[in-house]
Structure formats: C-alpha cells, structure tokens
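Data block below; observations after.
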There are 2 protein chains.
Amino acid sequence: MITNQKKTILDYLKGVDIHPSAEIIYGEVRKKLPQISRGTVYRNLKDLKKRGEIQEISVDVAHFDGDISSHAHFICKQCRKIFDIFDICKECGVLNRKKTKVGKINNYQISFYGYCQKCNGGKSQLPRLS
Amino acid sequence: MITNQKKTILDYLKGVDIHPSAEIIYGEVRKKLPQISRGTVYRNLKDLKKRGEIQEISVDVAHFDGDISSHAHFICKQCRKIFDIFDICKECGVLNRKKTKVGKINNYQISFYGYCQKCNGGKSQLPRLS
DNA sequence: ATCGGTGCAAATCCTTTGCATTTCC
DNA sequence: GGAAATGCAAAGGATTTGCACCGAT
C-alpha cells in the first residue's frame with residue numbers, strides 16, 4: 001500500500017543528496033505532513049528498505065540513502081559526515097560480482113573511513129597496544 | 001593501559017572466526033573473568049576499535065571482528081549470520097586505493113547482502129512500489 | 001465491512017555514564 | 001601514590017510495538 005506518508009518520505013529521500021537520519025527525515029517530512037508520527041517514519045523507512053527502494057547506512061545511528069545505484073560512501077571519522085563516492089565502482093571486478101562462495105549477492109555496501117578535507121588529517125592516531 | 005579485562009576480550013576476539021555481539025563477548029569473557037561487567041566490555045570494545053585492533057560490523061546490533069586484514073563480509077538477509085570473504089579483495093584496484101576526492105582512506109568495510117546456502121534463495125522478494 | 005496504515009505513548013533494548021573503589025605502573 | 005580502569009546501577013536514546021482509530025478498497 002502506498003500511502004501519502006510513505007510517498008512523502010520516499011520523495012524526500014530521492015530528492016536530496018545527503019544521508020539523513022530518521023530524526024532528520026521526521027523533521028523534514030513533518031513540514032509537509034505536520035501530524036505524521038515518528039513511528040510511521042520508522043515503519044515506512046523499514047518497509048522501503050526491505051523493498052530495496054532505499055538503503056540504510058549505519059553511522060552512529062541509522063542514516064538513509066534514496067540512491068540505490070552503485071556507489072560507495074566515505075565516512076569522516078571526525079565530523080561523521082557521509083560523502084558519496086561515485087567514480088570508483090564502475091570498473092571494479094569485485095563489485096560487479098553477482099555471487100560468492102557463500103551465496104548470491106543481492107546488494108552491497110562499501111564504506112571508506114578517513115578524515116574529510118575539513119577535518120583533515122593532523123588528527124592524532126592512538127598507538128597500537130604494545 | 002592494558003588490563004586483564006582488555007587482554008581477555010582481545011584474546012577472545014582474535015581467537016574466534018565468528019563475529020560476536022557485545023553480549024556474546026560478555027558471556028564468553030565472563031567464563032574467564034566472572035565478575036567483569038557489561039560496561040567494561042563496552043568500554044574496552046570501543047577502545048580497541050579506536051586503536052584499530054578490531055573492527056565493528058553493524059548488523060542489527062554491533063558485532064565485532066578481531067581480524068583487521070583486508071576482507072569483506074557476506075551478511076545473510078535472513079539468518080543474519082556474517083561470513084568472511086577473503087578471496088576477493090586482493091586484486092581489486094578499488095579496494096587498494098589509499099585516497100578518494102574526499103580524503104585519505106584509513107580503512108574500509110565491504111558488506112555483501114544476500115541469502116546464504118542454508119537460507120537459500122527461494123525467499124520471497126517484495127515487489128518494488130509501482 | 002475489512003484490512004492495512006497511522007498516531008500516540010509506552011515499552012524495549014542496546015549502549016553509555018557517574019561514581020566509589022580497585023588496579024596497575 | 002596517582003592516574004586510569006573497573007563494577008555496579010542508573011540513565012540515555014534510538015527504535016519498536018500495542019492499540020484504538022481512520023481511510024481506502
């Protein structure tokens with residue numbers, strides 16, 4: 001069933017290039033449907049994900065991405081922002097695989113971790129344990 | 001500081017090839033240190049992760065992997081088990097990258113999603129929204 | 001009339017944290 | 001001896017769920 005609430009959430013996600021959390025989505029969608037509840041947002045996000053319309057990226061809390069095309073994410077270890085990386089996945093043999101020994105691949109997720117330009121690097125790295 | 005608790009947790013994780021949750025780790029470590037608390041387990045897991053001694057994989061709840069070598073994970077969409085995929089990442093140009101436009105890559109994580117042998121495929125797939 | 005979706009609020013459950021105490025160098 | 005880690009229990013916070021109601025077929 002495609003309700004107004006679900007459509008509004010999906011439209012919002014398809015229309016932005018950020019990767020909002022459920023709470024952000026709730027806030028944005030509420031601008032159009034002021035009476036929508038968090039429960040409904042969570043239920044619809046879960047359903048949309050199950051259908052493969054959106055993907056979920058776990059960075060501290062769940063974030064959502066309306067873009068399900070082949071791309072990777074770069075996650076800044078400091079500011080926790082999620083960046084899209086499009087140019088990488090085309091030619092890669094690994095990522096064009098359809099199956100592994102374990103089973104058929106339905107979809108994949110690649111996350112690179114590091115420091116973005118702004119938070120750039122000087123960041124102290126903890127020493128390994130002796 | 002390297003305490004007995006931290007060492008026991010790390011040893012446990014390095015010694016298994018599963019990807020236990022904090023709760024499982026707590027249960028296992030408690031066999032050797034019956035008085036250890038969940039708080040300590042969580043604190044140490046967080047610290048070990050920050051030091052790069054272990055990695056965290058988010059599948060429903062946090063799971064932990066004592067193997068930080070280059071490998072991917074296959075996550076069964078039904079039974080939620082996490083499988084290691086070692087043979088893929090060696091030759092791949094993408095995964096040997098050290099940087100992206102966004103910033104230097106510190107580490108990465110690849111997750112393939114699908115159904116494992118046991119849960120194998122026949123599983124009904126929900127239709128996309130019209 | 002029925003069935004699924006919603007809103008609301010309470011419940012759940014994973015994870016974090018404050019604090020007094022203990023451990024480790 | 002003193003900084004850092006622990007155990008305990010309570011707090012926090014994201015997500016889920018029960019239930020009465022509503023809306024579409």
Side-chain angles (χ1 to χ4, degrees), chain A residues 1-13 18-51 53-65 75 77 80 82 124 126-130, chain B residues 1-13 18-51 53-65 75 77 80 82 124 126-130:
Chain A
M1 202 180 200
I2 169 94
T3 61
N4 200 11
Q5 286 89 335
K6 177 175 294 183
K7 184 170 179 341
T8 305
I9 291 170
L10 185 54
D11 284 351
Y12 167 67
L13 275 177
I18 58 173
H19 305 81
S21 65
E23 187 62 24
I24 299 289
I25 295 168
Y26 171 61
E28 290 300 316
V29 168
R30 207 153 48 136
K31 292 178 183 171
K32 297 205 167 169
L33 303 174
Q35 72 306 43
I36 198 174
S37 68
R38 277 192 183 76
T40 296
V41 171
Y42 277 102
R43 274 186 288 241
N44 276 309
L45 287 171
K46 180 173 271 197
D47 182 75
L48 289 168
K49 179 186 164 192
K50 195 163 56 178
R51 291 171 186 281
E53 304 275 343
I54 65 174
Q55 62 173 315
E56 182 183 335
I57 312 156
S58 184
V59 177
D60 305 322
V61 304
H63 290 249
F64 297 87
D65 189 345
I75 296 156
K77 291 166 96 165
R80 316 305 284 162
I82 302 168
S124 58
L126 288 182
R128 307 279 307 270
L129 295 176
S130 64
Chain B
M1 202 176 202
I2 170 92
T3 62
N4 199 12
Q5 287 89 334
K6 177 174 293 181
K7 183 170 178 346
T8 306
I9 291 170
L10 185 54
D11 284 350
Y12 167 67
L13 274 177
I18 58 174
H19 305 80
S21 64
E23 188 62 23
I24 299 289
I25 295 167
Y26 171 61
E28 290 301 315
V29 167
R30 208 152 47 135
K31 292 177 182 170
K32 298 205 167 168
L33 303 174
Q35 73 302 47
I36 198 174
S37 68
R38 279 192 180 77
T40 297
V41 171
Y42 277 101
R43 274 185 288 238
N44 276 308
L45 288 171
K46 180 173 271 196
D47 182 73
L48 289 168
K49 178 185 165 195
K50 195 163 53 175
R51 291 171 186 281
E53 304 276 344
I54 65 175
Q55 63 173 317
E56 181 183 336
I57 311 157
S58 184
V59 177
D60 306 321
V61 303
H63 291 250
F64 297 88
D65 190 346
I75 296 156
K77 290 166 97 165
R80 316 304 284 162
I82 302 168
S124 58
L126 287 182
R128 305 280 305 270
L129 296 176
S130 63

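By convention in this document, chain letters (A, B, ...) are assigned in the order of the sequence lines, proteins followed by strands, and residues within each chain are numbered from 1. Predicted, not measured: the structure shown is a model, and the values here were computed from it.
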- Using the test side-chain contact (heavy atoms from CB on, under 4.5 Å), find all partners of A:Y42 that sit at least two apart in sequence or belong to another chain. A:A22, A:R38
- Quick one: side-chain contact (heavy atoms from CB on, under 4.5 Å) partners of A:I24, sequence neighbours excluded? A:Y12, A:P20, A:S21, A:E28
- Query: Run the side-chain contact (heavy atoms from CB on, under 4.5 Å) check on A:L45 and A:L13 step by step: do they pass?
  - Reply: CA-CA 10 Å; A:L45 287 171; A:L13 275 177; 3.9 Å; yes
- Partner residues of B:K32 under the salt bridge (Lys or Arg N to Asp or Glu O under 4.0 Å) criterion, sequence neighbours left out: none
- Task: Please round to 10 degrees the angle between the axis of the first five pairs and the axis of the last five pairs in the helix from C:dA1-D:dT25 to C:dC25-D:dG1.
- Result: 30°
- Item | Contact pattern, 5' to 3', of nucleotides 9-25 of chain D - B, S or - by protein heavy atom under 4.0 Å | -----SBBBB-------
- Task: Measure from the side-chain N and O atoms of B:H63 to the backbone N and O of B:H19, and report whether any donor-acceptor pair falls under 3.5 Å.
- Result: yes
- Query: Going 5' to 3' along DNA chain C, which nucleotides are the first and last within contact of chain A (any atom under 4.0 Å from a heavy atom)?
  - Reply: C:dG5 to C:dC8
- Decide yes or no for B:I57 and B:F64: does some side-chain heavy atom of the first lie under 4.5 Å from some side-chain heavy atom of the second? no
- Query: Are B:I18 and B:D65 close enough that some pair of their side-chain heavy atoms sits under 4.5 Å apart?
  - Reply: no
- Note on the structure: Judged by nearest nucleotide, the residue sitting upstream toward the 5' end of DNA chain C, A:Q35 or B:T3, is A:Q35
- Note on the structure: Shortest non-hydrogen pair, B:T8 vs B:L33, comes out as OG1-CD1, 3.6 Å
- CZ/A:R51 to CG/A:N44 distance, rounded to the nearest 0.5 angstrom? 9.5 Å
- Message: Looking at A:D47 and A:R43, is there a salt bridge between them, counting it only when a charged N and a carboxylate O are closer than 4.0 Å?
- Response: no
